[in-house]
Amino acid sequence: MGLFDFLKRRKGESGEFIASRKPVAKFRVEQVLNVLGRETLIGTVEGIIYPGYKVKGRNIALIREIQRERKRVDFAVDGDRVALILEGKTNAKKGDVLEIYQS
């Protein structure tokens, strides 16, 4: 099962993707870093997220790890300020609000 299996392409609209379900959370980007070749987003969670969920920005990436205060955590909840270490690139910018989808 690939990263884009949960997406479907709308006919007649080139390059536009529509998610097959509603987002489970949002993530407000405060800072974008590149740590050891991985895109890392620092920001605030609105909802609840787990590693393995997908982040949709300009592109889609998989959440490989969540860190709070430089320690790995199993999940993040509403109001948490965390770092998301991603597999893939969202090309997010500071101030973006990204949607989070379940895997």
Side-chain angles (χ1 to χ4, degrees):
M1 187 181 278
L3 180 62
F4 296 100
D5 286 346
F6 80 106
L7 296 177
K8 60 184 176 184
R9 179 171 254 162
R10 215 189 246 179
K11 289 186 179 183
E13 296 181 24
S14 61
E16 188 168 328
F17 290 96
I18 304 299
S20 62
R21 43 185 119 132
K22 293 182 180 183
V24 293
K26 293 188 179 190
F27 187 77
R28 294 187 181 276
V29 179
E30 297 173 13
Q31 192 173 7
V32 181
L33 304 170
N34 186 349
V35 178
L36 299 174
R38 296 202 183 272
E39 184 176 61
T40 302
L41 306 177
I42 298 172
T44 307
V45 176
E46 295 176 17
I48 185 166
I49 59 174
Y50 293 90
Y53 280 15
K54 294 175 179 93
V55 180
K56 182 182 176 199
R58 290 170 184 80
N59 295 317
I60 296 171
L62 184 70
I63 300 173
R64 182 178 177 89
E65 185 178 325
I66 302 172
Q67 290 186 1
R68 185 181 318 116
E69 298 174 7
R70 299 183 186 204
K71 293 181 183 150
R72 178 184 275 191
V73 294
D74 294 331
F75 60 91
V77 296
D78 205 30
D80 283 352
R81 186 171 186 269
V82 296
L84 303 180
I85 294 124
L86 305 178
E87 191 166 307
K89 302 241 185 242
T90 61
N91 296 321
K93 305 279 187 240
K94 181 179 177 179
D96 286 354
V97 178
L98 308 178
E99 295 176 333
I100 310 288
Y101 293 88
Q102 283 183 325
S103 299

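With sequence neighbours left out, the side-chain contact (heavy atoms from CB on, under 4.5 Å) criterion links Arg68 to Val73, Asp80, Val82. Residues meeting the side-chain contact (heavy atoms from CB on, under 4.5 Å) test with Pro23, sequence neighbours left out: Glu99, Tyr101. Shown here are the side-chain contact (heavy atoms from CB on, under 4.5 Å) partners of Lys93, two or more places apart in sequence or in another chain: Arg58, Asp96.
Residue Gly88 comes nearest to Ala61 through the heavy atom pair C-CB, 3.8 Å, listed as atom of the first residue, atom of the second, then distance. Shortest non-hydrogen contact noted between Asn34 and Lys89 is ND2-NZ, 4.3 Å.
Here ring pair (Phe, Tyr, Trp, His ring centres under 6.0 Å) pairs that include residues 34-69, with residues two or more places apart or in two chains, are Tyr50-Tyr53, Tyr50-Phe75. Among residue pairs with one or both ends in residues 69-79, those qualifying as salt bridge (charged side-chain N to carboxylate O under 4.0 Å, His left out) are Glu65-Arg72; sequence neighbours excluded.
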Pairs of donor and acceptor atoms involving the side chains of residues 37-48, under 3.5 Å and at least two apart or interchain, shall be tabulated with distances.
from, atom 1, to, atom 2, distance (Å)
Glu39, OE1, Thr90, N, 2.7
Glu39, OE1, Thr90, OG1, 2.8
Glu39, OE2, Asn91, N, 3.4
Thr44, OG1, Glu30, OE2, 2.9
Glu46, OE2, Arg28, NE, 2.4
Glu46, OE2, Arg28, NH2, 3.2

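Atom CD1 of Ile60 and atom CG of Leu86 lie 12.0 Å apart (nearest 0.5 Å). Residue Ile85 holds its CD1 atom at 12.0 Å from CG of Leu62, rounded to the nearest 0.5 Å.
The local environment of NZ in Lys26 is sparse, with at most 12 non-hydrogen atoms from other residues, nucleotides or ligands closer than 6.0 Å.
In this structure, Ile49 is a member of the same hydrophobic cluster as Val32, with clusters built from ILVMFWY side-chain heavy atoms closer than 4.5 Å.
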Item checked: Test side-chain contact (heavy atoms from CB on, under 4.5 Å) applied to Leu84 and Ile66, step by step -> CA-CA 5 Å; Leu84 303 180; Ile66 302 172; 3.8 Å; yes

